[in-house]
Amino acid sequence: MNLYDSLNRPLRDLRISVTDRCNFRCVYCMPKEVFGADYEYLHRNQILTFEEITRLAKIFSKHGVKKIRLTGGEPLIRKGIVDLVAMLASISDLDLTLTTNGSLLSKLALPLKTAGLKRVTVSLDSLDDEIFKAMNDVDYPVAKVIEGMDAAASVGLTPIKVNMVVKRGVNEQSILPMARFFREKGYILRFIEYMDVGHSNGWRMDDVVSSKEIISIINQEMPIEPVDPNYQGEVAERWQYKDGSGEVGFISSVTQAFCGTCNRARLSAEGSLYTCLFAIKGHDFKELLRSGATDDEISEKISQVWHKRADRYSEIRSENTIPLPKVEMSHIGG
Ligand code: SAM
Ligand code: SF4
Ligand code: SF4
């Protein structure tokens, strides 16, 4: 049965975070000062098992979910991730994708494809090692991430999408080199406005480089024009190079909110369901799963949560928003 929330938005897209851990420390997501050596991550028994995730995913698909994206933390560091992909791939009529920092992709691209993954999105903020390091705060060569993307492309996890978060004063100079490089490669580069997710990245409006600004930078060298969305509720606004050499995307969650068509739910690694990326609190499903609830009871709780949903954080955000203890991005994924 299809579900609609209080603003008449359907439930279509489920993002599942499979771990709260990551081998990178991106300054906009898991800054070292907060996610340091003594940070307490979830213990093994606190995170959902593959069986629990798959059971929930099946119930969600009966409620109209058509797309599942695995995320994190870094999803590829969860032990046995390929097995989870195989379990989820057995659900019919589902677009199964994954977002990764690419560090383990060279090794895992083929097994993931064989297990039934359809596509991948790889995050990369610069082609320059120094600037990449200023964004992810670890020493990891850009070349290795590109190797991972190429491995994914060669096994058919396509189209490859590349996520680039732009932070003013850190990686703006990488906008054009990234656009040139990925146009040439035929991968779809998507620019993401730096968002005020969580409460530890010290977000300031001044650090946001708007999509409008990025479009104008690209346009001066490589003229682009807007294209119709692939489907209703698509997060990235699509633009194409006027000479027909490919497309780029813009995720403008700060300057052009798209809450009106938001059909996404997010399941954290510990089994809490969040109805907005900027939610303060989730709805616990782990307890329900582990207390012997039937599929019907779980299904009923999903309906109740979605029917009540009224989130539209980005639409009401303002520069003066008083910071609230929102959930961290690494907890529920992007
Ligand atoms: N570790 C994986 C990765 O980096 O692709 C998956 C999880 S990560 C939280 C998902 C996406 O969220 C990445 O593309 C990342 O760049 C983006 N992201 C994280 N923090 C962000 C922020 N503050 N603003 C905008 N995008 C952010
Ligand atoms: Fe890790 Fe992804 Fe967050 Fe970077 S954006 S710290 S790679 S979870
Ligand atoms: Fe959806 Fe919340 Fe983002 Fe609005 S702010 S688009 S409701 S996740």
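Both backbone and side-chain heavy atoms feed into the values below; hydrogens, waters and symmetry mates do not. Order of appearance sets the numbers: ligands from 1, and atoms from 1 within every ligand.
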In plain terms, say whether Asp93 and Lys66 are close enough for a salt bridge, that is, a side-chain N and a carboxylate O under 4.0 Å apart. yes
Exam field: side chain Glu52 to backbone Lys286, donor-acceptor pair closer than 3.5 Å: no
Residues Asp295, Lys62: salt bridge by 4.0 Å N-O rule: no
Atoms in ligand 1 flagged as close to Glu74, the criterion being non-hydrogen separation under 4.0 Å: 1 (N), 2 (C)
Any heavy atom of Thr71 under 4.0 Å from ligand 1? The part involved is side chain
Can any side-chain N or O of Arg238 pair as donor or acceptor with the backbone N or O of Asp228 at less than 3.5 Å? yes
Ligand-residue contact atoms, ligand 1 with Ile192, heavy atoms, under 4.0 Å: 25 (C), 26 (N)
Would a line drawn from the ring center of Tyr140 to the ring center of Phe24 be shorter than 6.0 Å? yes
Atom pairs and distances, donor-acceptor, side-chain atoms in residues 26-44, under 3.5 Å, two or more places apart:
| residue | atom | partner | partner atom | Å |
| --- | --- | --- | --- | --- |
| Tyr28 | OH | Asp125 | OD2 | 2.6 |
| Lys32 | NZ | Asp137 | O | 2.7 |
| Tyr41 | OH | Arg25 | NH2 | 2.9 |

Which atoms of ligand 1 sit under 4.0 Å from any heavy atom of Asn163? 14 (O)
Should the pair Arg183 and Tyr241 be classed as cation-pi, given the thresholds of under 6.0 Å to the six-membered ring centre and 45° from the axis? yes
Between Thr100 and ligand 1, which part of the residue brings a heavy atom under 4.0 Å of the ligand: side chain, backbone, both or neither? backbone
Within less than 4.0 angstrom of ligand 1, does Gly73 place any heavy atom? yes
Numbered atoms and elements of ligand 1 in range of Asn101, under 4.0 angstrom, heavy atoms: 2 (C), 3 (C), 5 (O)
Which pairs count as salt bridge (charged side-chain N to carboxylate O under 4.0 Å, His left out) when at least one residue sits in residues 145-169, sequence neighbours excluded? Asp150-Lys185, Arg168-Glu172, Arg168-Glu213
Would you say the side chain of Asn263 lies within less than 4.5 Å of the side chain of Arg9, judging by non-hydrogen atoms? no
Scanning both residues in full, the closest heavy-atom pair of Asn171 with Val165 reads ND2-O, 2.8 Å
Contact between Glu193 and ligand 1, counting heavy atoms under 4.0 Å? yes
Protein N, O or S atoms less than 2.8 Å from atom 4 (Fe) of ligand 2, ignoring waters? Cys26 SG
Numbered atoms and elements of ligand 3 in range of Arg266, under 4.0 angstrom, heavy atoms: 8 (S)
Kindly confirm or rule out an N or O of Thr99 lying under 3.5 angstrom from an N or O of ligand 1. no
Hey, which protein N/O/S atoms does atom 1 (Fe) of ligand 3 have under 2.8 Å? Cys262 SG
What are the atoms of ligand 1, with element, lying closer than 4.0 Å to any heavy atom of Val165? 16 (O), 25 (C), 26 (N), 27 (C)
